[in-house]
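Report on the following structure.
Small disclaimer: the values here were computed from a predicted structure and weren't measured. As a basis for the values below, the full set of heavy atoms in this structure was taken, side chains included, without hydrogen atoms, waters or symmetry mates. Counting begins at 1 with the first residue of the sequence.
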Amino acid sequence: MTEAILDFMRVNIAATRDRWVKKVLLALPRGLRILDVGAGEAPYKKWCVGQEYLAQDFAEYDGVGDGVGFQTGTWDRTNIDIVSDIISIPQPDASFDVLVCTEVLEHVPDPVRALAECTRLLKPGGTLIVTAPFFSMTHFAPYHFCTGFNRYFYEKHLEGYEMLEVSSQGSFFAVVLQQIMFVPRFCSRYFGIIWAIISIPFIIPALLFLRIAMVFDVGLKEFLCFAYFVRARKK
């Protein structure tokens, strides 16, 4: 019963992001040249049917990292076409119709230069697709340099673009709920399973309250949200 309640409460931002990227990619006309920047395991290649798809990554993350924070355990780097630094991708200027950059900017030391490199590679009139957290905990360490980005970051550093969509995902109550969901997991990891069991009766009422509060939340996304999804056209 407890696990069922926790599953009901869980907010799956990754699934939301995948649905959004899939919708955007499938809506593109066919015959385009697409570069997936920082592609990782290239999960979106399957939605680029009829396109010339290339995946770029620095290909150093192995799933284990330095063992700090959240790690994936395994990581498949075999689908990468271009192995390079994100700020120096060996492709000509204006050589792609679409640039995809999902959950990458928080993992590069200089996200502004990374966006500038995307702009260099994108044709005028081309589409830039970006997702990145507004708030995140340590993951993929040691390749985690920033917890996230506000919408104003994109408005400032994508000045040469027409902003087609800048959508926030979740808001204050949803983010707080998600963090409370981690309490039993962290108790178990750092204090022992008994502490995890003890925590559950305390957190379930808070989760129920927050789940109800989410229904009435109409403006708190400006204070805190999970992520921003961005779609922009280069002028």
Side-chain angles (χ1 to χ4, degrees), residues 13-61 72 75-133 140 143 145-146 149 151 153-167 169 227-235:
I13 186 63
T16 300
R17 177 177 63 248
D18 287 348
R19 285 193 296 269
W20 183 81
V21 175
K22 178 181 180 181
K23 179 186 72 173
V24 172
L25 289 175
L26 292 180
L28 294 170
R30 297 297 177 258
L32 301 180
R33 194 163 191 249
I34 298 177
L35 180 63
D36 193 345
V37 178
E41 296 186 301
Y44 302 129
K45 181 177 182 178
K46 59 182 176 290
W47 296 325
C48 294
V49 179
Q51 316 285 21
E52 182 186 348
Y53 172 94
L54 291 175
Q56 178 277 336
D57 200 278
F58 78 143
E60 292 183 14
Y61 181 67
T72 61
W75 197 251
D76 182 4
R77 295 174 285 187
T78 61
N79 292 315
I80 301 303
D81 303 297
I82 303 170
V83 176
S84 72
D85 192 316
I86 194 172
I87 63 173
S88 182
I89 299 173
Q91 293 288 303
D93 292 357
S95 55
F96 292 93
D97 302 289
V98 179
L99 263 289
V100 179
C101 183
T102 61
E103 308 307 291
V104 174
L105 295 179
E106 73 271 28
H107 298 295
V108 298
D110 193 336
V112 175
R113 288 183 67 187
L115 283 180
E117 181 70 349
C118 290
T119 298
R120 180 186 73 81
L121 294 169
L122 193 59
K123 296 178 181 178
T127 300
L128 178 64
I129 300 166
V130 178
T131 74
F140 288 29
Y143 307 110
F145 302 101
C146 182
F149 304 87
R151 65 181 301 130
F153 172 83
Y154 302 107
E155 292 172 359
K156 171 65 178 178
H157 296 293
L158 295 178
E159 291 180 338
Y161 288 79
E162 176 188 358
M163 304 301 285
L164 303 176
E165 180 180 357
V166 182
S167 58
Q169 305 301 312
Y228 279 97
F229 299 168
V230 178
R231 186 168 55 92
R233 182 182 296 119
K234 183 179 175 181
K235 296 177 182 178

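- Using the six-membered ring where Trp is involved, Phe140 and His107 have ring planes that are parallel, under 30° apart on the 30 and 60° scheme.
- Judged by distance alone, the side chain of Gln91 and the main-chain N or O of Leu121 form no donor-acceptor pair under 3.5 Å.
- Between the side chain of Arg17 and the main chain of Gln169, no donor-acceptor pair closer than 3.5 Å is present.
- Classified by interplanar angle (parallel below 30°, tilted 30° to 60°, perpendicular above 60°), the ring pair Phe149/Phe153 is tilted.
- Salt-bridge formation is not detected for the pair Asp97/Arg33: no Lys NZ or Arg NE/NH1/NH2 atom is positioned less than 4.0 Å from an Asp or Glu carboxylate oxygen.
- Note: Thr119 OG1 to Glu159 CD = 11.0 Å, rounded to the nearest 0.5 Å.
- With hydrogens and angles disregarded, a donor-acceptor distance shorter than 3.5 Å links the side chain of Arg77 to the backbone of Ala59.
- Here the closest heavy-atom approach between residue Arg30 and residue Leu25 is recorded as NH1-O, 4.2 Å.
- Among all heavy-atom pairs drawn from Glu106 and Ala132, the shortest one is OE1-CB, 4.2 Å.
- Proximity of Thr102 to Trp20: side-chain heavy atoms (C-beta onward) are nowhere separated by under 4.5 Å.
- With hydrogens and angles ignored, the 3.5 Å screen pairs a side-chain donor or acceptor of Glu41 with a backbone N or O of Asp76.
- Residues Asn79 and Tyr53 form no side-chain contact, since every pair of their non-hydrogen atoms from C-beta on lies 4.5 Å or further apart.
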Pair Leu32-Thr127, side-chain contact (heavy atoms from CB on, under 4.5 Å): steps then yes or no: CA-CA 11 Å; Leu32 301 180; Thr127 300; over 6 Å; no
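- Asp57 and Ala39 make their closest contact through OD2-N, 3.4 Å (heavy atoms, listed as atom of the first residue, atom of the second, distance).
- Taking 4.5 Å as the limit, some side-chain heavy atom of Leu54 sits within range of a side-chain heavy atom of Phe96.
- Within the model, atoms CG of Asp36 and NZ of Lys45 stand 10.5 Å from one another, a figure rounded to the nearest 0.5 Å.
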Pair Val24-Phe229, side-chain contact (heavy atoms from CB on, under 4.5 Å): steps then yes or no: CA-CA 11 Å; Val24 172; Phe229 299 168; over 6 Å; no
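- Scanning all heavy atoms of the two residues, the minimum distance from Leu28 to Gln51 falls at CB-NE2, 3.9 Å.
- Side-chain contact between Tyr228 and Val166 is present, with heavy atoms from C-beta onward closer than 4.5 Å.
- You'll find the side chain of Leu115 reaches within 4.5 Å of the side chain of Leu105, heavy atoms only.
- The two residues Leu128 and Cys118 have their closest heavy-atom pair at CD1-CB, 4.2 Å.
- Atom NZ in Lys23 sits 13.5 Å away from atom CG in Asp18 (nearest 0.5 Å).
- Closest of all the heavy-atom pairs between Val230 and Met163 is CG1-CE, 3.8 Å.
- Rounding to the nearest 0.5 Å gives a distance of 4.5 Å between CZ of Arg233 and CG of Leu164.
- In this structure, Ile129 CD1 and Ile34 CD1 are separated by 7.0 Å, a value rounded to the nearest 0.5 Å.
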